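All values below come from the heavy atoms of this structure, side chains included, with hydrogens, waters and symmetry mates left out. Starting from 1, each residue takes its place in the sequence as its number. It should be emphasised that the depicted structure is a prediction, and the values quoted were computed from it without experimental measurement.
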Amino acid sequence: MNSSFLIVLVAMFAFMYFLLIRPQKAQKRRLQEMLDRIAPGDEVITIGGMYGDVVEVHPDKVVLEIAEDVHIEVTRRSIANIVPPE
């Protein structure tokens, strides 16, 4: 009876790993790669839904131009997506 319980426990852990942990790690890796690719001139969307053009990139923050001569500083982690060029 103990061996069957151990097999069920291992199977449940494997199921949870492939269903939850592995996809979350892949998503985190893709997000980090996207944040590493940010360069001046890119159009981005922040987590708050604000569009802006990247003006400067610093190790921990990004300067965005949200309107003509209106610049804001946001943390890199607050960038949700890079808008693909049309």
Side-chain angles (χ1 to χ4, degrees):
M1 184 147 182
N2 275 342
S3 63
S4 64
F5 175 73
L6 184 62
I7 291 171
V8 170
L9 188 63
V10 169
M12 287 180 64
F13 179 75
F15 178 74
M16 294 297 284
Y17 176 77
F18 285 108
L19 190 65
L20 298 174
I21 298 170
R22 191 170 171 216
Q24 187 176 21
K25 284 184 180 181
Q27 181 181 16
K28 188 174 181 179
R29 182 177 26 85
R30 283 192 305 270
L31 178 63
Q32 187 60 46
E33 289 172 355
M34 185 266 306
L35 291 176
D36 291 341
R37 285 194 325 262
I38 292 176
D42 289 343
E43 184 178 5
V44 297
I45 304 172
T46 65
I47 291 174
M50 191 175 292
Y51 283 81
D53 294 321
V54 176
V55 178
E56 296 176 30
V57 178
H58 301 281
D60 59 340
K61 64 183 175 181
V62 177
V63 178
L64 300 178
E65 182 177 42
I66 56 173
E68 191 171 330
D69 295 327
V70 179
H71 296 166
I72 61 170
E73 293 181 356
V74 297
T75 62
R76 275 183 176 254
R77 293 180 306 197
S78 67
I79 303 296
N81 203 1
I82 297 175
V83 177
E86 294 181 20

Those residues that, when tested against Val70, pass side chain to side chain contact (heavy atoms under 4.5 Å, CB included) (two or more places apart): Ile66, Ala67

With Leu31 via side chain to side chain contact (heavy atoms under 4.5 Å, CB included) - residues at least two apart: Met34, Leu35

Less than 3.5 Å apart, which donor and acceptor atoms pair up between the side chains of residues 13-24 and the rest of the protein, not counting sequence neighbours?
none

Set of side chain to side chain contact (heavy atoms under 4.5 Å, CB included) partners for Val55, sequence neighbours left out: Val63, Glu65, His71

Contacts of Ile45 that satisfy side chain to side chain contact (heavy atoms under 4.5 Å, CB included) - sequence neighbours left out: Tyr51, Val83

Within residues 51-63 or reaching into it, pairs that qualify as salt bridge (Lys or Arg N to Asp or Glu O under 4.0 Å) - sequence neighbours excluded: Lys61-Glu73

Side chain to side chain contact (heavy atoms under 4.5 Å, CB included) between Met50 and Leu64, intermediate numbers included: CA-CA 10 Å; Met50 191 175 292; Leu64 300 178; over 6 Å; no

Arg77 and Ile47: CA distance, side-chain angles, deciding distance, side chain to side chain contact (heavy atoms under 4.5 Å, CB included) verdict: CA-CA 9 Å; Arg77 293 180 306 197; Ile47 291 174; 5.9 Å; no

Side chain to side chain donor-acceptor pair (under 3.5 Å) partners of residues 35-50, not counting sequence neighbours, each pair once: Gln32-Asp36

